[in-house]
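Note that ligands are numbered from 1 as they come in the structure, with each ligand's atoms numbered from 1 the same way.
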Amino acid sequence: MIGTADHPIVRRDPLPRPGLALIGDAAMVGDPVPAVGCGWAFRSAEWLADATAAALRDGASDAALQRALRGYRRAHRFAERHDRLDRDEARAQPPNPVQRAIRTAAVHDPWVARRVYRFAMRAAPVTELLNPAVVARSAWVARRAPAPPAPRPAPARSDVAPG
Ligand SMILES: Cc1cc2nc3c(=O)[nH]c(=O)nc-3n(C[C@H](O)[C@H](O)[C@H](O)COP(=O)(O)OP(=O)(O)OC[C@H]3O[C@@H](n4cnc5c(N)ncnc54)[C@H](O)[C@@H]3O)c2cc1C
């Protein structure tokens with residue numbers, strides 16, 4: 001086991017200089033806890049290939065290749081928008097009222113639950129979950145949700161079976 005007290009979260013311009021494109025952790029190192037780094041690495045490689053394959057195959061001019069690379073940068077913003085929220089989550093602060101409402105609503109409302117699932121899978125853009133319609137519906141559902149059961153008290157020492 002390797003421990004670390006400070007795992008830096010780094011984001012770089014995916015096109016730091018002409019003719020150079022960064023993918024995976026080279027472009028963006030996130031919090032390892034949500035376990036999404038390998039997905040971003042594969043997806044950013046795919047975005048780069050999709051954006052530039054035709055230009056490279058056809059021997060496009062430098063200007064055309066730069067245009068193609070800018071397409072990669074646009075595609076990479078999908079990951080950066082998720083990463084912005086992941087950085088807040090990495091601070092392990094208590095959820096804010098919007099997060100609390102959405103998480104509560106997701107337990108009771110399949111429409112919200114599906115958006116939370118797609119967001120958590122990084123299958124949908126951030127805006128599919130964080131938009132006024134979802135926030136308003138979540139607040140409405142959460143307000144009507146039954147209170148969660150009170151936490152059970154820890155067993156008294158004499159109740160613990162001898163190990
Ligand atoms: C503790 C921890 C747990 C994680 N858990 C998960 C998880 O459960 N799920 C998940 O999806 N992600 C997880 N991640 C993130 C994930 O490991 C990374 O996001 C992912 O490996 C990035 O892939 P990459 O190919 O961009 O970079 P890397 O996997 O770092 O690959 C880069 C490679 O380049 C090599 N290299 C470096 N310099 C040179 C050089 N000069 N010449 C030749 N080769 C070189 C390195 O040796 C390395 O093999 C975790 C990360 C950490 C730190």
Can you give me a line-by-line list of nitrogen or oxygen pairs between ligand 1 and the protein shorter than 3.5 Å?
{"unit_1": "ligand 1", "atom_1": "11 (O)", "unit_2": "A35", "atom_2": "O", "d": "3.4"}
{"unit_1": "ligand 1", "atom_1": "11 (O)", "unit_2": "G37", "atom_2": "N", "d": "3.4"}
{"unit_1": "ligand 1", "atom_1": "11 (O)", "unit_2": "C38", "atom_2": "N", "d": "2.8"}
{"unit_1": "ligand 1", "atom_1": "12 (N)", "unit_2": "G37", "atom_2": "N", "d": "3.4"}
{"unit_1": "ligand 1", "atom_1": "12 (N)", "unit_2": "C38", "atom_2": "N", "d": "3.4"}
{"unit_1": "ligand 1", "atom_1": "19 (O)", "unit_2": "D25", "atom_2": "OD1", "d": "2.7"}
{"unit_1": "ligand 1", "atom_1": "19 (O)", "unit_2": "G37", "atom_2": "O", "d": "3.4"}
{"unit_1": "ligand 1", "atom_1": "26 (O)", "unit_2": "D25", "atom_2": "N", "d": "2.8"}

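Checked by atom type and distance alone, the side chain of E128 never pairs as donor or acceptor with a backbone atom of P125 at under 3.5 Å. The backbone N or O of A124 sits less than 3.5 Å from a side-chain atom of H82, completing a donor-acceptor pair.
Two residues are said to be in side-chain contact when any heavy atoms from C-beta on lie closer than 4.5 Å; R100 and P94 fail this criterion. Using a 4.5 Å heavy-atom threshold, the side chains of F78 and V126 count as separate. Side-chain atoms of P95 and R103, non-hydrogen and from C-beta on, do get closer than 4.5 Å to each other.
Annotation: side-chain hydrogen bond (donor to acceptor under 3.5 Å, both in side chains) contacts involving residues 130-142, sequence neighbours excluded, comprise D109-R137.
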